[in-house]
2 protein chains.
Amino acid sequence: MTKQNPSSKVTIVEVARRGGVSLGTVSRVINNDVHVAPETRERVSKVMQEMGYVANRQARSLRGSKTNVIGVLVPDLGTGYIGEIMHGIDTELGVAQFDLMLFTTHRTAIKEANYVANMVRGMVDGLLLVLPRNPADYTGTLTHRKFPFVLIDHQGNSDPCPAVGATNWQGAYNATDYLIKLGHTRIGFITGSMDLGAATDRLDGYKAALRVNHISEDPRLVCEGTFFQPEGYSGACALLDIDAPPTAIFASNDAMAMGAMDAVRARGLRIPEDISILGFDDVPQAALVRPALTTVRQPLEQMGRVATQMLLDLLHDPSKHLDRIELPTELIVRGSTSSPKDKAG
Amino acid sequence: MTKQNPSSKVTIVEVARRGGVSLGTVSRVINNDVHVAPETRERVSKVMQEMGYVANRQARSLRGSKTNVIGVLVPDLGTGYIGEIMHGIDTELGVAQFDLMLFTTHRTAIKEANYVANMVRGMVDGLLLVLPRNPADYTGTLTHRKFPFVLIDHQGNSDPCPAVGATNWQGAYNATDYLIKLGHTRIGFITGSMDLGAATDRLDGYKAALRVNHISEDPRLVCEGTFFQPEGYSGACALLDIDAPPTAIFASNDAMAMGAMDAVRARGLRIPEDISILGFDDVPQAALVRPALTTVRQPLEQMGRVATQMLLDLLHDPSKHLDRIELPTELIVRGSTSSPKDKAG
DNA sequence: TATAATTATGGAAACGTTTCCAAATCAATT
DNA sequence: AATTGATTTGGAAACGTTTCCATAATTATA
C-alpha cells in the first residue's frame, strides 16, 4: 500500500492535479460516466487508490440534493419485534447502498410531529415509520410536502398512504379456529393496545372464529392488555380465576404469551397439558422458550424489506402512487398447544 | 400560521432578501452571534418563522466540517442487551443535539474494518463501537487518523484506548460468593464466548470465589457457551446429567440463564427449590420472567450514556487522552436463587 | 467638535462536489 | 485536403452555508 497521507484530506482537486486531469474528469471517473477514455479512467482510478480518496458526502449531497440516507423512526429498540423489522430494513438498505439514520420516539416524545416535519428535512431522502403511534399527525404534512415515506405495521384507519402490514384478522381467525379444532371451547384472549388497528383486528378475528364455530362469546374471557409482558402474566391470572377458566389462552403478542406462560406455571399448571398458550408475532425468542411457543407468524423481517423496497421505489419515482400492502400471517404450531385434557378424565 | 410555501425550499438567501439584510446577518442570527442588534435579530427571526426556514445540514457540514452526527456500530439489534445500551446512547445524544447514524455489523461482516475506516469518513464526527468483535482491526487505523471513537463493553486486551466496560470479574466473584454463602458447594457455570474479555473475566471471577472459599474446581461443572439462549438450555442439561449435579447454575448472561431455566423446568425440577439459577446483565426481561431472575446487573444504559459523554468530550477536545473506564456491577437478588434444599431431607 | 473605540452590517471567499457547455482532439467521410 | 461527426476533456457555475475582512453606523473620549 502506498497510501500517501491518510490523515490529511484528499479531495477531488488533489486527485485531479496529481492525475494531470481536470475536476470534471475525476468526477466522471467516480460516477462511471461513459465519456472518459479507458486509459484515463485507469490512470485516475489508480491515483485515487494511491491517495486513499474518499468522496465527501456533504459536498455530494449539497450539489446533488440527495443524501443516500434514509431515516427510520422507531418507538424503541431492544425488542425482538423491532429487531426483526430493523434487520429487514437494514439488509435491503445495504444492497441499495443507502445508510440509515435512526430516530427514536421516546427521545422526542412531545414534538414528534414537528421533528418529523422539520429536523429530518434535508438529512434524509425518505422516511420509514415503524409502529407509529398516531401517524395522522405527520402523514398529512409529509404527503403535502411530497416527502417520501412508508408506514410499517400500522392500520391505515385514516387516509390511504404507503404502508406495510400483516393480515392480523386472518391470523387471529386461523389461530382461534385451530384451537377450536383441537377441542377447546373456552378460549381466553388477551388484547393489545386497543388504539392500534392491529389489536382490534386480532380481537375481531378471534371473535369471528368463535362465531363461525357457534361458540358464544363470553366477555369474561377477554382481557385487555397493551402488548407488554407483565399484562400477559396478570391477564392470565385473571382468566384462570374466573368460574369456568379457559383451557387455552390466546395472547395478542408473544411477549404477553410468555408472561401468560409464567403465570400458568406459577399456578402449578402444565403447558400444554393443562393449558394451551398461543401467541402472535413469532419473535425469535418464541422458538427458544420451553415449551416452544405456538404462535401466529408475522413476517417481520420481510415487512421491513418490503417497506424499504417501496420507499426506494418512491425515491426513484416520486409520482408513483403506492398503497397499503398486507403480507400473509402464518400459524406456527409448536409445543405450547394441544387438545384439552378430558374434563371427565 | 402564515407559512408561505412549505414545499419549495427556503434558503438563507430568501430569508435575507425578505428581511432586508445580508446573508451574513441571517447566519449570525441563526447561530446566536452576539454581533447583531436585538431589533434586527427579532425581525429576522420572525421572517424565518414565517417562511418555515430550516437549515440545510449538508451545506452547514460542508462549510463547518462537522456533521453533528455520530455513528454507532452494533453487532445487531433486538436483544435487550443492545437495546439498553442504545437507549443510553440515544438519550445522551438527544440532549447534546446530535443525531445518530446506525451501522450494523452483520450487514458488512467482511469488510467491517474498511467500512469503519472509509465509508464513515465525513459522514459522522465520531464513532461508538458497541460490543466490537475484533476491534484491533480498526482501533489502530482510527487512532492513527485521529478519528474520535469509544469502545463499549470490550476488554482492552490490546493497546489502551477510550472504552467503557463493567467490572465483570468482580461481578462474577460476588455472585459466586453469594451462592456459596447460601450453602451451595456444587455450582455449575456456563461461559460466554471465550474470545471476549468479558467472558474470561467472568469465568475467572467464578473460579476465584471458589478458591477463596476453599471449594475445589470441578471441570465438569464448567460448560462452554457463546452467550446464546439455546446454549443455556443444552448447557444446563449437560450439567444436570453429571454424577453429582450442581445445586446452582451460574450462566454468563441472562439469555443463557433463561435457557437454563427452561431446561430445569423441562426436567420437572423447581426453581429455586431444586436448582438455583443466576444470570448476568440484568436485561429488562430478567425482572419479568417467573421466577424473576437473580442476576449481576451491568449498568448498560449508563454504559451507553458514559461512552457517549466520553465521545462528546473527545469531539470537543481531540487532544484529550481518555482511557478505559469500568463501571461497577451489582448483584440483584430475585426469586431464582435460594439455599439448596437439604440433601438428607 | 473632532477623533478614537466600539458595534452592527454587507460582501465575498471557501467548503468539495456535480453538471452543463464549450473547446479540443481524433477518426471517418466526401 | 477539407468538412463532418463522435468522443474526450477542460472550465466554470452552482448547491447553501459559515466566516473573515472591510465598511458603515453609533457611542464614548479628549
Side-chain angles (χ1 to χ4, degrees), chain A residues 5 7-45 47-48 51-69 97 118-125, chain B residues 5 7-45 47-48 51-69 97 118-125:
Chain A
N5 199 354
S7 67
S8 87
K9 47 192 66 176
V10 26
T11 75
I12 210 176
V13 26
E14 303 288 321
V15 174
R17 191 141 49 95
R18 191 113 100 88
V21 292
S22 72
L23 297 190
T25 302
V26 177
S27 178
R28 278 184 284 262
V29 170
I30 293 169
N31 297 296
N32 283 319
D33 191 305
V34 258
H35 299 297
V36 49
E39 183 209 48
T40 311
R41 157 163 290 126
E42 195 182 352
R43 181 159 41 91
V44 174
S45 298
V47 173
M48 290 198 300
M51 303 184 77
Y53 170 79
V54 180
N56 178 309
R57 296 282 292 257
Q58 351 293 345
R60 188 175 275 195
S61 300
L62 179 56
R63 181 57 229 245
S65 73
K66 54 195 292 298
T67 62
N68 257 44
V69 176
Q97 303 256 56
N118 291 324
M119 291 303 289
V120 143
R121 189 159 156 201
M123 297 190 59
V124 300
D125 296 337
Chain B
N5 199 355
S7 68
S8 86
K9 47 192 66 176
V10 25
T11 77
I12 211 175
V13 27
E14 303 288 322
V15 174
R17 191 142 47 96
R18 190 112 101 89
V21 291
S22 72
L23 296 191
T25 302
V26 178
S27 178
R28 279 183 284 263
V29 170
I30 293 169
N31 297 295
N32 282 318
D33 191 305
V34 258
H35 299 296
V36 49
E39 183 210 50
T40 311
R41 157 162 291 125
E42 197 184 352
R43 180 159 41 93
V44 174
S45 297
V47 173
M48 289 197 303
M51 304 183 78
Y53 170 78
V54 179
N56 178 309
R57 295 282 292 257
Q58 353 291 346
R60 187 175 276 196
S61 301
L62 178 56
R63 182 57 229 246
S65 71
K66 54 196 290 299
T67 62
N68 257 43
V69 175
Q97 304 256 56
N118 292 324
M119 292 303 289
V120 143
R121 189 158 155 201
M123 297 190 60
V124 300
D125 296 336

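Computed from a predicted structure; not experimentally measured. Here is how names work: the chains are called A, B, and so on, in the same order as the sequence lines, proteins then strands, and each is numbered from 1.
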When you match Arg28(B) and Leu23(B) each to their closest nucleotide on DNA chain D, which lands nearer the 5' end?
Leu23(B)
For Val26(A) and Gly24(B), take the nucleotide of DNA chain C holding the closest heavy atom to each; which residue's nucleotide lies nearer the 5' end?
Gly24(B)
If you assign each of Ala59(B) and Val21(B) to its closest nucleotide in DNA chain C, which residue comes earlier from the 5' end?
Val21(B)
Atom-pair distance ([atom1] on [X]; [atom2] on [N]), nearest Å:
X        : N       : atom1 : atom2 : answer
Arg57(A) : dC15(D) : CZ    : C1'   : 17 Å
Met51(A) : dG16(C) : CE    : C1'   : 14 Å
Leu62(B) : dA13(C) : CG    : P     : 17 Å
Arg17(A) : dG11(D) : CZ    : P     : 14 Å
Asp33(A) : dT18(C) : CG    : C1'   : 11 Å
His35(A) : dT9(D)  : NE2   : P     : 11 Å
Lys66(B) : dT19(D) : NZ    : C1'   : 15 Å
Asn32(B) : dT18(D) : CG    : P     : 12 Å

Any idea which heavy atoms bring Arg57(A) and Thr67(A) closest together, and the distance?
NH2-O, 3.2 Å
Give me the atom names and distance for the closest heavy-atom approach of Gln58(A) to Asn56(A).
N-OD1, 2.8 Å
I need the residues from residues 37-45 of chain B with at least one non-hydrogen atom less than 4.0 Å from DNA chain D; give them sorted by number, or say none.
none
Checking side-chain contact (heavy atoms from CB on, under 4.5 Å) for the pair Val26(A)/Tyr53(A): CA distance, chi angles, key distance, verdict?
CA-CA 11 Å; Val26(A) 177; Tyr53(A) 170 79; 5.9 Å; no
Is there a side-chain polar atom (N or O) of Thr25(A) under 4.0 Å from OP1 or OP2 of dG10(D)?
yes
Can you find a side chain N or O atom of Asn31(A) that sits less than 4.0 Å from OP1 or OP2 on dT18(C)?
yes
For the side chain of Arg60(B), counting heavy atoms from C-beta on, which of dT18(D), dG16(D), dG11(C) is nearest?
dT18(D)
Among dT9(D), dT17(C), dG10(C), find the nucleotide with the atom closest to the side chain of Ser22(B).
dG10(C)
Between the side-chain atoms of Arg63(A) and the base atoms of dG16(D), is any donor-acceptor pair under 3.5 Å?
no
